[in-house]
Novice: 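If you scroll down you'll find the structure; I have some questions about it.
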Amino acid sequence: MKRQYLDEIRKLLGRYVITDAEIDDIIADYDRMYEDGLARGMNDATVIDFLGKPEKIVRELGDSYSRKPGRGAKNGKIIALTPFIAVIVYFFLGFGLGAWHPGWLVFFLIPVTAIVLGNEERNLMSTLTALSPFAAVGTFFVLGEVFGAWHPGWLVFLLIPIVGALSDRKWKGYVFAALLVLSAGIYLYFGYTQDAWALGALAFVIPLVFGAAVGAVDTFVEWKTLGSLPRTERNFKIAMILVVFGAVALYVALGIAFLWWGYAWLVFLAIPMFAILAKAGSKGRIVALSPFIATILFFLLGFIFQAWAYAWIVFLLIPMTAIIKNA
Amino acid sequence: MNSQFKKGIIEMCVMAVVSRKDMYGFAVIEEIAKEIDVNENTIYPILRRLTAAGYFDTYMEPTGVGAPRKYYRITALGKEKTQEYADEWSKFLAGVFKLLGGNPA
């Protein structure tokens with residue numbers, strides 16, 4: 001918990017023109033103050049309440065420093081242009097090549113460009129973590145459409161927890177990621193050589209047991225510190241676990257029962273949507289939800305009504321929502 | 001209360017607290033939070049700013065357990081500034097009480 005707290009302060013300080021030595025000094029000061037709080041019998045949550053949230057601290061400290069310039073207006077222009085580029089490419093793919101689906105994947109250019117060009121911390125792992133859902137969905141569709149491998153193509157969604165675990169840069173994360181890869185390998189081996197997919201699926205117990213045992217799953221669940229978190233935060237974490245496991249269970253159930261491997265992945269959107277509903281402020285909530293709502297509508301219109309040629313219009317919901325909310 | 005105004009008052013309190021005795025960061029926050037409803041996250045940045053301005057200097061003191069603590073000590077310049085703040089504050093309060101009625105004590 002302390003490490004996360006200090007890392008967050010360090011990350012946020014990276015947005016300012018401030019030397020590494022100064023950052024180290026500030027982090028060392030907070031490290032000492034945190035220890036002082038623990039030594040007085042406070043728990044982690046109380047210490048953090050006492051010292052202040054990283055965003056607020058850095059906002060105060062930032063008064064003495066200037067902000068690093070962003071990557072300039074050029075990147076902003078590119079980000080602003082991508083929706084138009086995506087629409088043009090989409091029409092070309094649709095009208096020219098008849099590839100409305102999966103041509104719609106070009107709309108991923110919009111968030112991907114924003115993530116790559118808008119990452120102020122220039123942190124490779126945070127960029128990769130943010131990109132991993134898009135990479136997973138893109139790869140999933142290539143595997144599904146081109147090779148007909150919806151199953152076991154869904155395994156690419158493991159990319160998301162794998163990248164998340166690696167971004168922790170701790171041995172537990174590395175082992176957890178390696179075990180996920182290993183269990184996927186075992187699953188594929190049993191599936192393809194013995195046609196025993198269900199038996200192979202038992203391999204996923206290995207990373208789950210490891211994760212529960214040593215806390216590697218704390219990429220999104222801090223088991224060890226759950227008890228010391230404030231009640232609302234603890235409830236949020238527990239609800240997140242239920243949503244994640246619920247989404248996985250529902251996806252597998254819909255896939256097995258109705259062979260909806262190609263549609264049912266939409267249930268995974270419930271995970272970020274739930275986090276947004278729980279965490280985002282009332283003003284930003286609908287704006288943050290709009291890409292997910294647009295994707296769901298687009299996909300349903302495309303698959304159910306075969307309206308790929310027109311369904312793209314729902315993506316206009318994203319800028320429209322932002323404009324209305326910010327007007 | 002206007003946040004800038006409150007920040008100015010807290011800055012003055014930080015200087016007053018450290019001018020009485022050398023203190024480490026956590027203790028300064030504790031001391032001030034005990035008396036005033038304050039956003040704790042503002043105090044460390046103030047300590048840092050005052051140190052950079054030359055009103056405080058710092059030294060490390062071993063604790064016996066764990067890492068040594070950084071203590072803040074007021075400098076001659078800091079003492080002057082504290083006195084200046086105290087005078088300004090007294091004048092200000094006197095004016096306020098004259099307008100509102102009442103007694104600053």
Novice: Quick check: are there more than 12 heavy atoms from other residues, nucleotides or ligands sitting under 6.0 Å from NZ of A/K56?
Specialist: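 Counting other residues, nucleotides and ligands, NZ of A/K56 stays at 12 neighbours or fewer.
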Novice: If you take all heavy atoms of B/F26 and A/M33, which pair is closest and at what distance?
Specialist: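 Taking B/F26 first and A/M33 second, the nearest heavy atoms are CD1-O, 3.2 Å.
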Novice: Quick one, A/D25 and B/K70 - any side-chain contact, counting heavy atoms below 4.5 Å?
Specialist: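 The answer is yes, as the side chains (C-beta and beyond) meet within the 4.5 Å cut-off.
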Novice: Above 12 or not: heavy atoms from other molecules or residues under 6.0 Å from CG of A/D20?
Specialist: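 No - once you tally the heavy atoms of other residues, nucleotides and ligands closer than 6.0 Å, there are 12 at most.
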Novice: Between A/R40 and chain B, with a heavy-atom cut-off of 4.5 Å, which part of the residue counts as in contact: side chain, backbone, both or neither?
Specialist: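 For A/R40, the contact with chain B is made by the side chain alone.
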Novice: Considering only heavy atoms, which portion of A/E55 lies under 4.5 Å from any heavy atom of chain B: side chain, backbone, both, or neither?
Specialist: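 Interface part for A/E55: neither.
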Novice: Identify which of A/D31, A/L61, A/V58 forms the greatest number of heavy-atom pairs closer than 4.5 Å to chain B.
Specialist: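 If we count pairs closer than 4.5 Å to chain B, A/L61 comes out on top.
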Novice: Working to the nearest 0.5 Å, report the span between CD1 of A/I57 and CD1 of B/I43.
Specialist: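 With rounding to 0.5 Å, CD1 (A/I57) is 11.5 Å from CD1 (B/I43).
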Novice: Between A/D29 and B/Y44, does any side-chain donor sit less than 3.5 Å from a side-chain acceptor?
Specialist: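 On atom types as modelled, these side chains qualify, holding a pair under 3.5 Å.
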Novice: Mark yes or no for whether A/R32, through its side chain, and B/P68, through its backbone, hold a donor-acceptor pair below 3.5 Å.
Specialist: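 Checked: pair present.
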Novice: Which atoms of B/R49 are under 4.5 Å from chain A, going by heavy atoms: the side chain, the backbone, both sets, or neither?
Specialist: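 For B/R49, the side chain is the part near chain A, not the backbone.
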